[in-house]
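The structure appears right after this line, and notes come after that.
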Number of protein chains: 2
Amino acid sequence: MLMKESKTGYEIKKLLEDVFSNFYSSSYGTIYPTLARMEKEGLITKENVQQEGKPNKNLLNITDKGRDSFNAYLLAPLEADSIKKSDFMMRLYFGEFVGYDKVILWLKQVQEESQHKLDQLLEQYSLYKDEMHPAQIICIQIGIEEYKAKLKIIAEGLSNMEQLVLTK
Amino acid sequence: MLMKESKTGYEIKKLLEDVFSNFYSSSYGTIYPTLARMEKEGLITKENVQQEGKPNKNLLNITDKGRDSFNAYLLAPLEADSIKKSDFMMRLYFGEFVGYDKVILWLKQVQEESQHKLDQLLEQYSLYKDEMHPAQIICIQIGIEEYKAKLKIIAEGLSNMEQLVLTK
DNA sequence: TCCGGCATGTAATCAGTTACATGATTTC
DNA sequence: GAAATCATGTAACTGATTACATGCCGGA
């Protein structure tokens, strides 16, 4: 994230919560210790910047060693994705042990959340697609289409379930 | 998993690797300690079964207290999904720092893996769909359609990328 | 002969979250 | 007056992975 311009830990956190939130998670408890380790290893340097009305900040700059390390990472073999643990999917799997009404509730809840996530991605896409690299476009499109697919099945499942409730 | 019939820790592990692998991960290092804790809490009982030619096994049975606990879980609010960390998506996001050829390599690799996962899900679906509960069908269909969506974008992305390589 | 399957379990390690502490400023 | 934003960081805890130990059987 520092390849193009320097950032603070706080800004990195916001980026992770925003664009990266679809395939990465984090918290201050990992970010700041990692940053400290990276400084110790000479991958980044900290530059203290005084501010008025706001707390001082540490602007992080990437070093040449840091650039080398990042490039080496990009050339290294792809790491396997870690599985997303989904309580929703788990419950669907055990849906036979609850009533249809409960399953419908779960579906509606996840439908709403997924729609919200999709809307966010679509907005990001329309805002930035002109300045995005082709690979980034693929990245965001995968997110978009995965949510659309999920929402499609949820909608179909809901109408089937609601039919089942009526005919019972 | 014990609601319908008793199982061993080993069988639970296999199930987690198989059907549940799309939305849950695990290892012996979590399974056996969890099982031990559940026995201590009175949610399950262990029944030692002698076997010939094979090591003895501990058949796990759910208790009434265990059933109550499971039902209480199903009635409790849905827990948020934990994010899937994806090295592939992360690299796509930073694709501008490598050549198109490298991005194409990543895409092809994930294409193959995803196709394999999709084939597995489709096979499971065709084998068991007649005996599956409607909610389970939704669960497996979400997995199937998500992989299809991912593969669709990867295929589109690949042909765009290959075009870009040629015209450069 | 070696590998995979059956079967249970532990120990060391690593990674991650949550909650806190601090404190000024701006917005509702 | 409360809450959110800016901003950095730590400590305690929880959770998970990895690798190992054990050992027999059947098949390539």
Side-chain angles (χ1 to χ4, degrees), chain A residues 1-2 5-41 43-61 73 77 79-87 90, chain B residues 1-2 5-18 20-41 43-61 73 77-87 90:
Chain A
M1 292 179 207
L2 306 174
E5 50 175 0
S6 301
K7 291 184 174 58
T8 64
Y10 189 79
E11 287 170 332
I12 287 171
K13 173 81 194 316
K14 274 196 300 172
L15 273 175
L16 288 172
E17 275 170 358
D18 183 27
V19 267
F20 293 95
S21 66
N22 287 291
F23 47 88
Y24 205 80
S25 74
S26 66
S27 57
Y28 288 130
T30 34
I31 291 168
Y32 285 111
T34 301
L35 257 16
R37 200 206 66 217
M38 290 173 80
E39 198 196 4
K40 215 176 95 189
E41 288 173 6
L43 305 175
I44 56 174
T45 54
K46 245 185 237 173
E47 184 189 335
N48 195 268
V49 178
Q50 304 302 113
Q51 292 189 124
E52 282 167 35
K54 292 179 200 175
N56 298 340
K57 62 183 180 182
N58 291 331
L59 248 190
L60 304 162
N61 312 293
Y73 156 69
E79 286 154 44
D81 290 3
S82 75
I83 282 107
K84 172 173 175 171
K85 294 206 175 178
S86 173
D87 188 35
M90 189 58 94
Chain B
M1 294 180 206
L2 306 175
E5 49 175 0
S6 301
K7 291 185 175 57
T8 65
Y10 189 78
E11 286 170 333
I12 287 170
K13 174 80 194 316
K14 275 197 299 173
L15 273 175
L16 288 172
E17 275 171 356
D18 184 27
F20 293 96
S21 67
N22 288 291
F23 48 86
Y24 204 80
S25 74
S26 66
S27 57
Y28 289 130
T30 34
I31 292 167
Y32 285 111
T34 301
L35 257 17
R37 200 206 66 217
M38 289 173 81
E39 197 196 4
K40 214 175 97 189
E41 287 174 5
L43 305 174
I44 56 174
T45 54
K46 244 185 235 173
E47 183 189 336
N48 195 267
V49 178
Q50 304 303 112
Q51 292 189 122
E52 284 168 35
K54 293 179 197 175
N56 299 339
K57 62 185 181 182
N58 291 331
L59 249 190
L60 304 162
N61 312 292
Y73 155 69
L78 261 186
E79 286 154 45
D81 290 3
S82 75
I83 281 108
K84 170 175 177 170
K85 295 206 174 178
S86 174
D87 188 35
M90 189 56 94

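These numbers come from a predicted model, not from an experiment. So that the names make sense, note that chain A is the first sequence line, chain B the second, and so on, each numbered from 1.
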Between P of D:dT17 and CG of B:Leu16, the distance in whole Å: 11 Å
Heavy-atom check, side chain of A:Tyr73 versus side chain of A:Glu79, under 4.5 Å: yes
5' to 3' contact window, DNA chain C with chain A (heavy-atom distance under 4.0 Å): C:dT17 to C:dT25
Considering all heavy atoms, the nearest A:Ile31-A:Leu16 contact: CD1-CD1, 3.8 Å
Between OG on residue B:Ser86 and CD1 on residue A:Ile83, distance to nearest 0.5 Å: 11.5 Å
side-chain N/O B:Lys54 vs D:dG23 OP1/OP2, d < 4.0 Å: no
Distance in angstrom units between A:Lys7 NZ and D:dA7 P, rounded: 14 Å
Sugar-phosphate only, base, or nothing, as touched by B:Lys13 at under 4.0 Å among non-hydrogen atoms: nothing
Rounded distance (nearest 0.5 Å) linking atom OH of A:Tyr10 with atom OH of A:Tyr28: 5.0 Å
Non-hydrogen side-chain atoms of B:Gln50 and B:Asn56 separated by less than 4.5 Å: yes
Contact list for DNA chain D against residues 25-40 of chain B - heavy-atom distance below 4.0 Å: B:Ser25, B:Ser26, B:Ser27, B:Gly29, B:Thr30
side-chain N/O A:Gln51 vs D:dC6 OP1/OP2, d < 4.0 Å: no
Residue mapping more 5' on DNA chain C - nearest nucleotide basis, A:Tyr24 or B:Gly9: B:Gly9
Non-hydrogen side-chain atoms of B:Lys46 and B:Leu60 separated by less than 4.5 Å: yes
Between D:dT18 (P) and A:Glu79 (CD): distance, integer Å: 12 Å
Closest heavy-atom pair and its distance - B:Glu11, B:Lys7: OE1-CA, 3.3 Å
Rounded distance (Å) that lies between atom P of D:dA7 and atom CG of A:Asn48: 12 Å
Straight-line distance of B:Asp87 CG to A:Tyr24 OH, nearest 0.5 Å: 10.0 Å
Distance, nearest 0.5 Å, that separates CD of A:Glu17 from OG of A:Ser27: 9.5 Å
Whole angstrom value for the distance that separates P of D:dG15 from CD1 of A:Ile83: 19 Å
Angle of first-five versus last-five pair axes in the helix from C:dT1-D:dA28 to C:dC28-D:dG1, to 10 degrees: 40°
Name of the residue among A:Thr8, A:Asn58, A:Asn61 meeting side chain to side chain contact (heavy atoms under 4.5 Å, CB included) with A:Glu47: A:Asn61
Interatomic distance where CD belongs to B:Glu52 and C1' belongs to D:dG26 [whole Å]: 16 Å
Separation of atom CG in A:Leu60 from atom P in D:dA7, rounded to whole Å: 12 Å
Check: B:Ser82 side chain, A:Lys85 main-chain N or O, donor-acceptor pair, under 3.5 Å: yes
